[in-house]
Amino acid sequence: MIGPDGTVTVVDWPWACRGPAWLDTALLLVNVRLHGGHDTEALLRRLPLTAGADPAALTGFYAGLAGFFTDSARRPPPPNIPTVRAFQQAQADALLPWLRHRLSRPQNAG
């Protein structure tokens with residue numbers, strides 16, 4: 001998409017919609033968590049789009065996402081995508097300990 005000022009915005013997903021400004025960063029951090037090497041809590045506090053986000057909203061988002069991945073991973077794979085359930089399980093396995101950590105902190109603090 002090209003904006004009135006000539007800026008280009010690339011949309012690379014089929015159901016694009018508006019959401020909280022921090023959402024894409026929060027989603028990316030799930031993969032950072034999965035592959036390791038970085039303190040995702042520190043990144044949440046430091047990155048511009050997540051630093052000001054309500055910690056309870058982030059925790060709630062991660063809880064919903066963990067539930068989605070956990071439930072989806074138990075289903076049979078869809079035709080022609082045999083690895084999607086393993087991917088979803090890996091995402092759930094990365095999220096659940098992080099979620100436990102976030103829930104153990106006072107007031108779901110980041």
Side-chain angles (χ1 to χ4, degrees):
M1 299 181 338
I2 300 174
D5 62 352
T7 59
V8 175
T9 302
V10 177
V11 180
D12 186 27
W13 53 89
W15 300 290
C17 62
R18 287 196 172 272
W22 51 260
L23 184 62
D24 286 336
T25 302
L27 283 165
L28 179 62
L29 288 177
V30 174
N31 287 301
V32 171
R33 186 83 177 181
L34 173 65
H35 297 289
H38 298 281
D39 180 347
T40 48
E41 283 296 320
L43 288 171
L44 278 174
R45 290 188 299 273
R46 191 180 79 223
L47 294 171
L49 294 176
T50 53
D54 176 9
L58 284 164
T59 299
F61 166 70
Y62 287 131
L65 195 59
F68 167 77
F69 282 133
T70 299
D71 181 58
S72 296
R74 295 184 298 194
R75 298 173 186 239
N80 302 316
I81 312 176
T83 59
V84 72
R85 300 310 182 204
F87 165 79
Q88 290 167 330
Q89 186 63 59
Q91 298 285 310
D93 292 345
L95 275 166
L96 290 170
W98 190 14
L99 183 58
R100 272 195 253 8
H101 168 76
R102 291 187 64 80
L103 290 170
S104 71
R105 298 177 66 130
Q107 299 178 338
N108 298 326

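Predicted model, so just to flag it, every value in this text is computed and none were measured. The analysis underlying the following values was restricted to heavy atoms, covering all of them including side chains, and did not include hydrogens, waters or symmetry mates.
- Ring geometry, Y62 versus W98: the interplanar angle falls from 30° to 60°, so the pair is classed tilted.
- Put simply, CG on L65 and CG on L96 are 10.0 Å apart, with the number rounded to the nearest 0.5 Å.
- The local environment of CG in D5 is crowded, with over 12 non-hydrogen atoms from other residues, nucleotides or ligands closer than 6.0 Å.
- With hydrogens and angles ignored, the 3.5 Å screen pairs no side-chain donor or acceptor of R102 with any backbone N or O of A63.
- Considering all non-hydrogen atoms of both residues, P78 and R85 come closest at CD-NH2, 3.7 Å.
- Contacts classified as salt bridge (Lys or Arg N to Asp or Glu O under 4.0 Å) and involving residues 51-80 (residues at least two apart or in different chains) are given here: D71-R74, D71-R75.
- L58 and A26 get closest at one heavy-atom pair: CD2-CB, 4.0 Å.
- By the 4.5 Å heavy-atom criterion applied to side chains, D93 and F69 are not counted as neighbours.
- Using a 4.5 Å cut-off between side-chain heavy atoms of Ile, Leu, Val, Met, Phe, Trp and Tyr, with links allowed through other members, L23 and F68 fall into the same hydrophobic cluster.
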Which atom pairs, one a donor and one an acceptor, fall under 3.5 Å between side chains of residues 30-39 and the rest of the protein, sequence neighbours left out?
unit_1: N31; atom_1: OD1; unit_2: Q91; atom_2: NE2; d: 3.1
unit_1: R33; atom_1: NH1; unit_2: T40; atom_2: OG1; d: 2.8
unit_1: D39; atom_1: OD1; unit_2: E41; atom_2: N; d: 3.1
unit_1: D39; atom_1: OD1; unit_2: A42; atom_2: N; d: 3.1

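- When each of L44, T25, D24 is tested with L49 by the rule side chain to side chain contact (heavy atoms under 4.5 Å, CB included), just one qualifies, namely T25.
- There is a path of hydrophobic side-chain contacts, each under 4.5 Å, that joins L27 to L95.
- To the nearest 0.5 Å, the span separating CD on Q88 from OG1 on T70 amounts to 10.0 Å.
- No side-chain heavy atom of R100 sits less than 4.5 Å from a side-chain heavy atom of L103.
- Taking a 4.5 Å side-chain heavy-atom cut-off between Ile, Leu, Val, Met, Phe, Trp and Tyr, the cluster of V8 extends to I2, V10.
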